[in-house]
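As a basis for the values below, the full set of heavy atoms in this structure was taken, side chains included, without hydrogen atoms, waters or symmetry mates.
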Amino acid sequence: MKLFANVVYTASAHDLAQLPPDTGAEIAFVGRSNAGKSSAINTLANHNRLAFVSKTPGRTQLINFFSLGAGNSLVDLPGYGYAKVPPAMKAHWEQTLADYVSGREALRGLVLIMDARHPLRPADERLLDWYAPTGKPVHCLLTKADKLTRNEQANTLRQVKDALRLQQRNATAQLFSALKKTGVDEAGTRISEMLFAQPT
């Protein structure tokens, strides 16, 4: 995919004070722990090890920045909602996420990764609530769609789109499978639209 053709790792931050300058344009990937975020990033970038893939939820504990060139960045945010981390660490992650998505000027759009079998969990709704006041767009990737039947895929996608519309979210949604590499072109198109849209 052309947008991700020259993506390279640039920096990591444990908290907001360590973030790179708030300039350029960023698209951030976020989702519950073990929802398939790292696999989705690697698939979109056609790179096996760009983002670390682990069967252990909560492995991504830093905000990781990847340059797309021309001052544009992809940002891999820590997974949220994993219960087996110390409460203080969980609180730190959630506060950092809330502050980043609500206050980062360079952020142009959010890619919300959700397991297609378990979409729109309470933690996902909280993230959308933090982000909503910005008015910026969200694109939901319903990952691991290959684990559902065709009928289940269609029903899930319809239910998620209906819920987002009823909640008046500025959000779109699609099915995605890193294993089958389905939905890659659609995701790339939507991410490009968000990245290059004029900020409001």
Residues in salt bridge (Lys or Arg N to Asp or Glu O under 4.0 Å) with [X], at least two apart?
X	answer
Arg158	none
Asp129	Arg169
Asp22	Arg104
Arg165	Asp162

Looking at every non-hydrogen atom in both residues, tell me the closest pair between [X] and [Y] and how far apart they are.
X	Y	result
Pro78	Leu97	O-CD1, 3.8 Å
Leu44	Gly188	CD2-N, 4.4 Å
Ala116	Thr156	O-CG2, 3.3 Å
Pro20	Ala11	CG-CB, 4.3 Å

Spatial distance of atom [atom1] ([X]) from atom [atom2] ([Y]) [nearest 0.5 Å]:
X	Y	atom1	atom2	answer
Glu152	Arg117	CD	CZ	10.5 Å
Leu157	Gln174	CG	CD	8.5 Å
Leu142	Leu120	CG	CG	8.0 Å
Arg32	Leu127	CZ	CG	11.5 Å
Arg108	Phe196	CZ	CZ	11.0 Å
Ile27	Leu195	CD1	CG	5.0 Å

- Any chance you could lay out the side-chain contact (heavy atoms from CB on, under 4.5 Å) test for Leu175 and Thr182, step after step, and finish with the verdict? CA-CA 8 Å; Leu175 297 165; Thr182 53; over 6 Å; no
side-chain contact (heavy atoms from CB on, under 4.5 Å) partners of [X], counting only residues at least two apart:
X	value
Thr23	Pro21
Asp15	Ala17, Gln18, His92
Ala28	Val75, Leu77, Tyr100, Leu107, Leu110
Asp146	Ser177, Leu179, Lys180

[X]: partners by side-chain hydrogen bond (donor to acceptor under 3.5 Å, both in side chains), with sequence neighbours left out:
X	value
Ser12	Tyr9, Asn64
Asp124	Tyr80
Gln159	none

For residues [X] and [Y], determine if any side-chain heavy atom of one lies less than 4.5 Å from a side-chain heavy atom of the other.
X	Y	value
Met114	Thr143	no
Val8	Phe65	no
Leu141	Leu112	no
Thr172	Pro137	no
Phe176	Val111	no

- Message: What verdict does the side-chain contact (heavy atoms from CB on, under 4.5 Å) test give for Phe4 and Ile191, after you've listed the backbone C-alpha separation in whole Å, the side-chain angles of each residue and the deciding distance to 0.1 Å?
- Response: CA-CA 10 Å; Phe4 299 100; Ile191 292 166; 4.2 Å; yes
- Residue pairs passing the ring-ring contact (aromatic ring centres under 6.0 Å, His included) test where at least one lies in residues 103-145, sequence neighbours excluded: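 Listed by first then second residue: nothing to list.
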For [Y], is there any backbone N or O sitting under 3.5 Å from a side-chain donor or acceptor partner on [X]?
X	Y	value
Asn72	Leu68	no
Gln153	Arg150	no
Ser39	Ala178	no

- Query: Is the shortest distance from a Lys or Arg side-chain nitrogen in Glu94 or Arg126 to a carboxylate oxygen in the other one below 4.0 Å?
  - Reply: yes
- Test side-chain contact (heavy atoms from CB on, under 4.5 Å) applied to Val30 and Val101, step by step: CA-CA 10 Å; Val30 65; Val101 301; 5.6 Å; no
- Same apolar cluster (I L V M F W Y, side chains within < 4.5 Å links), Val184/Phe66: yes
